[in-house]
Amino acid sequence: SWNRLYAVVVGELLLLLLLFLIFTWAFS
Amino acid sequence: MSRLDWAVLIAALLFVVLWGLYKGRGAATGEGYIGGGRDHRWWLIGLSIVATQTSAITFLSTPGQAYVDGMRFVQFYFGLPLAAVLLSITVIPLYHRLKVSTAYEILEARFDLKTRLLAASLFLIQRGLAVGITIFAPALVLSVLLGWSLHANILLVGTLVMLYTVTGGTKAVAWAHSSQMLIIACGMLLAGIMTAHRLPAHVSLSDALHVAGGLGRLNVIDTHFDLHSRYNLWSGFIGGTFLMLSYFGTDQSQVQRYLAGSSVTQSRLGLLLNGMIKVPLQFLILLLGALVFVFYQFHTPPLFFNPGPVKQVMAGPDAGAYRALEGDFARAREHQSQVAEAYVTARHSGDPATIATAKGQLQQAHAASEIVRKQGVALIEKANPGTNPSDTNYIFLAYVLSSLPVGLVGLVIAAVFSGSMSSMSGEISALGATTVVDLWRRLIGGSQGQREVWVGRIATFVWGGFAMAFAEYAARLGSLIEAVNILGSLFYGTILGIFITAFYVKRVKGGTAFYAALVAEVGVVACFKFTAISFLWYNVIGCVAVVALAWCFSFVQPAEVQPCS
């Protein structure tokens with residue numbers, strides 16, 4: 001259960017990174 | 001400030017102080033005062049961690065940074081979620097199992113007393129100085145923009161913080177943090193909504209983002225690897241992870257927040273909550289700065305947002321030249337506003353060729369007005385020799401005071417005070433705890449119990465007084481303020497290296513880590529003095545140097561401390 005929570009935290013970071021990349025590309 | 005603004009500000013500050021006093025009453029032992037009773041729930045720990053890290057200058061400066069430089073500062077926080085996960089797996093269970101009150105206690109058990117005192121002293125020196133700057137910087141912005149007395153401002157913030165921090169200890173600090181985060185969240189959220197609402201009626205949010213992006217303000221991610229660039233994907237992920245591991249794992253101002261958890265689970269959840277909300281939070285604050293930038297595409301901003309250095313120019317021989325530049329700047333921005341309107345109209349037409357042409361014209365108009373602004377800044381630098389005049393910290397509050405409605409101005413000012421108070425309270429509480437546990441209890445042999453509560457209160461009071469005195473003195477420091485901020489980043493990597501050596505390099509014993517840390521610190525200072533490497537990388541260099549040197553030194557450490565087979 002802890003590993004699942006850690007995966008959620010790291011997954012959220014990777015998802016944000018992807019969204020930020022799209023955001024940077026879309027509005028540049 | 002209208003009467004309504006004053007009413008909102010006073011009500012918010014009273015709420016914070018009374019809430020902290022009420023929730024912090026009843027600490028009967030030193031452990032209860034320093035450890036907060038060790039009964040905190042995860043959400044209280046999470047809010048307290050975020051509030052300690054969020055100083056007033058964080059959200060005065062962050063929107064200004066987006067206005068001037070774009071949103072790439074968010075990359076600074078990319079290491080935070082990774083650090084939260086790594087610390088949840090490693091140090092939180094260890095700290096709970098050993099029932100430590102400060103992080104530095106572990107170092108004596110593992111190495112020796114002088115290594116523990118080295119880490120504790122580095123924390124006391126750099127954090128003791130930094131907390132003074134924490135309350136000085138926002139007080140300076142408020143005094144310049146609102147004409148308030150700098151000394152009265154520092155005295156007010158310091159006194160309010162000491163009221164509940166000295167009496168109630170860690171528990172009072174944590175509960176006050178929850179109320180401060182509520183005020184900060186409301187202030188920033190309403191400021192963001194109102195900023196989007198105050199854009200011209202025909203400018204949609206999508207238009208606004210395209211205007212900001214077209215002028216280079218939405219550059220969230222920079223994938224280029226460059227050791228000299230302060231914020232890019234790699235410095236954020238690698239250097240940022242090392243910095244956050246050190247800050248959240250070894251800095252008592254943060255360790256104390258999650259050691260107050262009722263169990264390993266509560267402490268872990270609190271730290272992971274911080275790991276999940278910090279990056280989106282910083283992104284939204286930077287986005288607010290980008291929206292302020294767009295607002296000023298349709299309204300003429302001042303040439304320089306900080307009126308202090310401008311007064312120096314106007315009192316000197318360049319007053320006429322500066323006034324002429326102000327006229328040129330106003331005309332350039334008037335033209336830029338018209339071009340921005342044309343760009344929005346072109347976007348509504350949907351024709352790619354028209355949009356591309358209008359975007360190019362907007363970029364040219366912006367470059368032209370920036371040339372005039374740079375000429376103005378050059379005159380300001382000439383009139384203020386030896387200083388580094390910057391208006392980044394003034395942009396957001398100047399915008400709030402001139403453009404947001406009555407009532408909301410008071411709420412944003414209350415958020416500034418809350419940020420100042422939240423970081424000061426967390427830091428002087430930790431400074432007091434380290435003084436009691438690592439100096440008084442260890443060196444003088446003080447006992448736990450009711451007497452230690454009073455020693456803790458005196459230590460916290462002394463550190464609060466020192467912070468206020470240093471903040472008063474900081475006005476005379478000039479660019480040395482930057483040196484105080486840099487001071488922290490010079491030590492974090494080395495301290496992290498000592499802890500990693502303690503946990504994972506079993507053959508290192510006794511004072512070996514102490515000498516490795518001293519040599520590594522010389523290396524970090526040399527990097528700072530003689531190279532242009534960005535400060536986030538110092539954390540990696542310092543940490544790796546300590547671990548490597550300690551391992552090498554362990555082969556020549558005295559025989560009596562060689563590890564048993």
Side-chain angles (χ1 to χ4, degrees), chain A, chain B residues 42 70-72 74-75 77-90 92-93 205-223 233 236-237 240-241 264-265 268-269 271-284 286-287 290 294 359 363:
Chain A
S1 60
W2 278 112
N3 287 344
R4 268 188 299 222
L5 186 55
Y6 299 147
V8 167
V9 174
V10 175
E12 185 217 32
L13 176 64
L14 294 175
L15 181 63
L16 284 171
L17 179 60
L18 179 65
L19 290 174
F20 290 162
L21 277 167
I22 294 168
F23 185 85
T24 301
W25 168 78
F27 293 111
S28 62
Chain B
W42 62 273
M71 294 178 64
R72 64 197 181 117
V74 78
Q75 296 168 118
Y77 293 95
F78 281 179
L80 199 156
L82 300 177
V85 168
L86 291 171
L87 293 171
S88 292
I89 294 169
T90 54
I92 287 182
L205 189 59
S206 172
D207 292 332
L209 291 175
H210 275 94
V211 168
L215 295 175
R217 293 305 184 274
L218 301 186
N219 51 342
V220 182
I221 303 289
D222 177 2
T223 54
L233 191 62
F237 260 119
T241 299
V264 170
T265 297
R268 276 175 165 171
L269 288 173
L271 190 58
L272 291 172
L273 173 69
N274 176 53
M276 291 192 76
I277 65 176
K278 189 67 182 178
V279 174
L281 188 70
Q282 289 300 129
F283 175 81
L284 290 174
L286 284 162
L287 190 62
V294 175
K359 185 175 174 181
Q363 288 167 340

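Computation of the quantities below employed the complete heavy-atom set of this structure, encompassing side-chain atoms and omitting hydrogens, waters and symmetry-equivalent molecules. Protein chains get the first letters and strands the later ones, always in sequence-line order, with residue 1 at the start of each.
A perpendicular orientation is assigned to the rings of A:F27 and B:H210, their planes being inclined by more than 60° (bins at 30° and 60°).
Residue B:L273 does not touch chain A at all, counting heavy-atom pairs closer than 4.5 Å. A:L21 touches chain B through backbone and side chain together, each having a heavy atom under 4.5 Å away. Contacts between B:L80 and chain A at a heavy-atom distance below 4.5 Å are absent for every atom of the residue. Heavy atoms closer than 4.5 Å to chain A are found in the side chain of B:F237, but not in its backbone.
Summarising the geometry, atom CG belonging to A:L17 is positioned 10.0 Å from atom OG1 belonging to B:T223; distances are rounded to the nearest 0.5 Å.
Considering only heavy atoms from C-beta on, A:T24 stays 4.5 Å or farther from B:M71 through its side chain. Between A:Y6 and B:L272 there is a side-chain heavy-atom pair separated by less than 4.5 Å. Counting only heavy atoms from C-beta outward, the side chains of A:L19 and B:F283 never approach each other to under 4.5 Å.
Taking chain A as the reference chain and counting heavy-atom pairs below 4.5 Å, the highest number among B:T265, B:L215, B:L209, B:D222 is found for B:L209.
The two atoms that bring B:F78 and A:L13 nearest to each other are O-CD2, 3.5 Å, heavy atoms only.
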- Task: Report the C-alpha separation of B:V279 and A:E12 in whole Å, then their side-chain angles, then the decisive distance to 0.1 Å, and conclude whether the side chain to side chain contact (heavy atoms under 4.5 Å, CB included) test is met.
- Result: CA-CA 10 Å; B:V279 174; A:E12 185 217 32; over 6 Å; no

